[in-house]
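First comes the structure, then the notes that go with it.
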Amino acid sequence: MTTNIKNALLEIGTEEIPSSYIEPALKQIEDAAIKAFSAAGLKYDSIKTYATPRRLALIINNLAEKSEDRNEEILGPSMKAAKDDSGNFTQAATGFASRNGVKPEKLITKTTEKGEYLCFIRHIKGEKTEKLLASIFPGIIKSISFPKTMVWDSSGFRFARPVRNIIALYGKKIIKFQIADVKSSNWTIGLHTTDKSKIKIDLPEKYLLKLKNKSVIVDQNERKEEIRKSIDAVVKSVGSVISDEELIDEVNYLVEYPVAVLCTFDKKYLGLPQEVLTVCMKKSQKCFAVNDKNGTFSNYFIGIKNGVSKYQEVAREGYEKVVVARLADAEFFYHNDLKKGLEANVEKLKGVVFHKEIGTIYEKIERIRQIASFFNKEFAMNIDDAELAKAVLLSKADLVSEMVFEYPELQGVMGKIYAQKLGETSDVAQAMEQHYWPLSAGGRLPDNRIAFIISLADKIDTLAANFSIGLEPSGSADPYGLRRAAIGFIRMITEKLPKQDLAKAVEKAFEYMPEHVKNNPKFKQAREKLASFFWQRIESILGSEGYAADEVKAVINASKSGKTQILGALRPKLDALKSARQKSDFAAIAEAFKRINNIVNQAKKQNIAIPENVNEQLLSDESEKALYVSAKKTKAEVEGYVSKDEYGKVFDDVLEIKPAIDNFFEKVMVMAEDENVKKNRMALLNYIREIFVSFVDFSALQ
């Protein structure tokens, strides 16, 4: 391997890419590069990706100038197919050898999980890096996928936006290739708003600094910090910016050189709710709201200009003109909505379709009312029925307000504000906003009791309704937000109602489906599919918390098989299982129970009718009598421990019953010649199995 080490650079210069496309594209570029360099046998120190709205860049540090020599194993036919009964090579073997340019005798035998195979080892000599990059770089570009793409030349190549230049360098050398109508080169373009001249890049390591000197900060992390510094610099004289990390992330991919501009709007608009003011500025011009020095929401705001301070006054006037126009519209919507009131909007929901195969939002509200009423009693929430019904009725009323029509992100928020202004109770107002919570997988749960019940009812109705007509998520696609609804529902039950039964909650939601939905052929399997969907989400949540996969599977399998499905017990059971597995004899215990499971399951597969109860009169051997006595004692103790959530003690009982199980298997033949004795012994094993079957599935443990 030569010691001549250089850096490599790939820049894809484009027209402005949507900000939401950029982070996923960078991840794809990095993954594709790692995969390509590994496949080519190219060594490097590190890979870095960078992006602005107009360029996606990849820098590979210390990339060797030649790939490593390596061996590639090529599997041929199995040895069974490679030789005949006389030990001679078959046509399959000679053909495989011929394709690889050797005689069959030169092939080796490779042992795999599937058996022995003929194998040819190809020695591949290393190639020059610049030659490999000529295919790796265009391959990376072509591998990037976007939600939407476009074509701009006759080649038909698709990308998020037209590609205008490509830098492809290895050291000083240009790696030559063409994508669409663009040939690779060593030049790029500076900040498009001020400097459209070509910038020559001599070496990859000079790329970032050379562009920074031309008012382009390519490093997105450095650019984000520059946004913060620039904001702090202009706001300190009037107050402080209201933190909005989501907006900073978005603005970061809207500019190449951020410069903050302090702006104002007429103080008369401060009469509008703060949430309205903030969203107007954020949505119209991606501007940041500002508090004054007393911490009070002010009429200042900050825009982020793309480029140095030149023409800053013009930029300020532009921001202010657009924002004030939006605020004037919002003021009109706000007062109009208040004049109409919320109850008038409820009637309009009869004309708003939730889903064409399910019905309207108004019909959904009625189902939510029924489910919420059931939950109120089932969960002993003791909420006033009339107030709960009123909160449900108004819960979606702001969806047809003028403000939410213009700014959908204010759904729920405007409901709360309008309810407060129109004299509804605090609980009803809070429920209008919080019943949408949590807004993300880790988002805040409703802290208002009425909102909590409505949120549960709303989410389970959405899930049941969609599954009833076959609209379940597939792959990464989830257009109806069902994964988010399921995770929210699971978190709310687990964290706030840990003793409640998931199965009962799921079952109740399907009862209130309209008749035409119940008549849908997919309705029959909907309950089972939704339950499975829930358990998949639960398994994923627990796995993300660091629990071992086989332990999660063991506890979930047991919970799914139980008559009640108490989510709040899952983590304590997992903790108890994890602790029990630290004991030296636990593996032997697990094997004993796996043996019991196997015997019982095999009997069921063979349609052997296992009696429900053990007949003590048929217990002849002292070992099976002792086992039955021990099992009855264990069953009573386990039921007591589970009722008190003392899950660790359950595993202590598992340890205690093991000697009796071992003695039974040592002294007794389960498959006795006497049919009644055989079935009775199976009934005994099944009795032991049932003690723990709803607690842990030993067969899932690795």
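Every heavy atom of this structure was used, including side-chain atoms; hydrogens, water molecules and symmetry mates were not.
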(request) Applying side-chain contact (heavy atoms from CB on, under 4.5 Å), run through Asp427 and Asn448 and close with a yes or a no. (result) CA-CA 7 Å; Asp427 280 344; Asn448 178 280; 2.9 Å; yes
(request) Could you tell me whether Glu545 atom CD has more than 12 heavy atoms of other residues or ligands within 6.0 Å of it? (result) yes
(request) Report the residues that fulfil salt bridge (charged side-chain N to carboxylate O under 4.0 Å, His left out) with Lys293, sequence neighbours left out, ordered by chain and then residue number. (result) none
(request) Would you please name every residue forming a ring pair (Phe, Tyr, Trp, His ring centres under 6.0 Å) with Tyr436, sequence neighbours left out? (result) none
(request) Identify which one of Gln430, Lys416, Lys390 satisfies the side chain to side chain donor-acceptor pair (under 3.5 Å) criterion when paired with Glu424. (result) Lys390
(message) Just verifying a value: how many Å separate Leu338 CG and Ser401 OG, rounded to the nearest 0.5 Å?
(response) 10.0 Å
(message) If you count every heavy atom of other residues, nucleotides or ligands that lies below 6.0 Å from Phe146 atom CZ, does the total exceed 12?
(response) yes
(message) With a 4.0 Å cut-off on N to O distance, would you call Glu225 and Arg228 a salt bridge?
(response) yes
(message) Let me confirm one number: the CG-CD distance from Asn221 to Glu226, rounded to the nearest 0.5 Å.
(response) 13.5 Å
(request) Using atom types as modelled and distance alone, determine if a side-chain donor or acceptor of Ser540 lies under 3.5 Å from a backbone N or O of Arg537. (result) no
(message) Angle between ring planes, Phe534 versus Phe489, binned at 30° and 60°: parallel, tilted or perpendicular?
(response) tilted
(request) Sort and list the pairs that fulfil ring pair (Phe, Tyr, Trp, His ring centres under 6.0 Å) and have at least one residue in residues 378-407, not counting sequence neighbours. (result) Phe375-Phe379
(request) Check whether any side-chain N or O of Ser643 sits under 3.5 Å from a backbone N or O of Gly640 as a donor-acceptor pair, and report yes or no. (result) yes
(request) State the CD1-CG distance between Ile365 and Asp458, to the nearest 0.5 angstrom. (result) 9.0 Å
(request) Mind listing the closest non-hydrogen atom pair of Ala700 and Lys553 along with its distance? (result) CB-CG, 3.8 Å
(message) According to side-chain contact (heavy atoms from CB on, under 4.5 Å), who are the partners of Asp232, at least two apart in sequence or on a separate chain?
(response) none
(message) Strictly distance-based, threshold 3.5 Å: is any side-chain N or O of Asn557 a donor or acceptor partner for the main-chain N or O of Asp697?
(response) no
(message) Within the 4.5 Å heavy-atom criterion, are Thr494 and Arg571 side-chain neighbours or not?
(response) yes
(message) Closer than 3.5 angstrom, by distance alone: can the side chain of Asp501 be matched with the main-chain N or O of Gln565 as a donor-acceptor pair?
(response) yes
(message) Main chain of Ile541, side chain of Ser544: is a donor-acceptor contact present, judged purely on distance under 3.5 Å?
(response) yes
(message) For the CZ atom on Arg484, are there more than 12 heavy atoms of other groups (residues, nucleotides or ligands in this structure) within a distance under 6.0 Å?
(response) no
(request) Find the distance between OG (Ser284) and OH (Tyr319) and round it off to the nearest 0.5 Å. (result) 10.5 Å
(message) Quick check: do Ile450 and Met381 have side-chain heavy atoms less than 4.5 Å from each other?
(response) no
(request) With rounding to the nearest 0.5 Å, note down the distance linking OH in Tyr253 to CD1 in Ile248. (result) 13.5 Å
(message) Give me the atom names and distance for the closest heavy-atom approach of Ala260 to Ile302.
(response) CB-CG2, 3.8 Å
(request) Report yes or no: does Glu433 contribute a side-chain atom to a donor-acceptor pair with the main-chain N or O of Ala429 at less than 3.5 Å? (result) no
(request) Enter the distance from Glu539:CD to Lys560:NZ here, rounded to the nearest 0.5 Å. (result) 7.0 Å
(request) Would you confirm whether Arg491, through its side chain, and Ala441, through its main-chain N or O, come within 3.5 Å as a donor-acceptor pair? (result) yes
(message) Show every side chain to side chain donor-acceptor pair (under 3.5 Å) that has at least one partner inside residues 511-526, sequence neighbours left out.
(response) Lys508-Glu511
(request) Not counting sequence neighbours, which residues clear side-chain hydrogen bond (donor to acceptor under 3.5 Å, both in side chains) with Arg689? List them please. (result) Asn597
(request) Taking the side chain as every heavy atom from C-beta outward, state whether Leu422 and Leu342 have any pair of such atoms under 4.5 Å apart. (result) yes
(message) The criterion is ring pair (Phe, Tyr, Trp, His ring centres under 6.0 Å); which residues satisfy it with Tyr647, sequence neighbours excluded?
(response) Phe695
(request) For Glu637, check salt bridge (charged side-chain N to carboxylate O under 4.0 Å, His left out) against everything at least two apart and list the hits. (result) Lys633
(message) Using side-chain heavy atoms (C-beta onward) and a distance below 4.5 Å, is Tyr334 in contact with Lys421?
(response) yes
(message) Restricting to non-hydrogen atoms, name the atom on Tyr362 and the atom on Val346 that form the minimum distance, rounded to 0.1 Å.
(response) CD1-O, 3.6 Å
(request) Could you tell me whether a side-chain N or O of Glu250 sits under 3.5 Å from a main-chain N or O of Ser19, the two making a donor and an acceptor? (result) no
(message) For Ser373, give me all partners under side-chain hydrogen bond (donor to acceptor under 3.5 Å, both in side chains), at least two apart in sequence or on another chain.
(response) Lys377
(message) Do Arg223 and Pro258 make a side-chain contact, defined as non-hydrogen atoms from C-beta onward lying under 4.5 Å apart?
(response) yes
(message) Taking CD in Glu245 as the centre, count heavy atoms belonging to other residues, nucleotides or ligands within less than 6.0 Å. Is the count above 12?
(response) yes
(request) Report yes or no: does His435 contribute a side-chain atom to a donor-acceptor pair with the main-chain N or O of Met432 at less than 3.5 Å? (result) yes
(request) Determine whether Tyr547 and Val555 make a side-chain contact, defined as any pair of heavy atoms from C-beta on separated by less than 4.5 Å. (result) no
(request) Check the pair Tyr418 / Asp337 against side chain to side chain donor-acceptor pair (under 3.5 Å), numbers first and verdict last. (result) CA-CA 8 Å; Tyr418 290 150; Asp337 286 338; 2.6 Å; yes
(request) Would you please name every residue forming a side-chain contact (heavy atoms from CB on, under 4.5 Å) with Thr296, sequence neighbours left out? (result) Asp292, Asn294
(request) Of all the heavy-atom pairs spanning Pro438 and Gly488, show the shortest one and how long it is. (result) CG-CA, 3.7 Å
(message) So, using ring pair (Phe, Tyr, Trp, His ring centres under 6.0 Å) as the criterion, who are the partners of Phe533 when residues are at least two apart?
(response) Phe467
(request) Specify the closest pair of heavy atoms between Ile358 and Glu363, including all atoms of both residues, with the distance to one decimal. (result) O-OE1, 4.2 Å
(message) A side-chain contact here means heavy atoms from C-beta on lying under 4.5 Å apart; do Leu570 and Ser559 qualify?
(response) yes
(request) Determine yes or no for a side-chain-to-main-chain donor-acceptor pair under 3.5 angstrom, with Gln220 supplying the side chain and Ala51 the backbone. (result) yes
(request) Output all residues satisfying side-chain hydrogen bond (donor to acceptor under 3.5 Å, both in side chains) with Asp244, sequence neighbours left out; order by chain, then residue number. (result) Lys282
(message) Quick check: closest heavy atoms across Lys340 and Glu402, and the distance to 0.1 Å?
(response) NZ-OE2, 2.8 Å
(request) Would you please test Glu639 and Lys635 for salt bridge (charged side-chain N to carboxylate O under 4.0 Å, His left out) and show each step? (result) CA-CA 6 Å; Glu639 288 173 352; Lys635 184 176 188 296; 2.6 Å; yes
(request) Count the heavy atoms belonging to other residues, nucleotides or ligands that lie under 6.0 Å from NZ of Lys496, then report whether that count exceeds 12. (result) no
(request) Would you check if Gln536 and Ser532 make a side-chain contact, meaning some heavy-atom pair closer than 4.5 Å? (result) yes
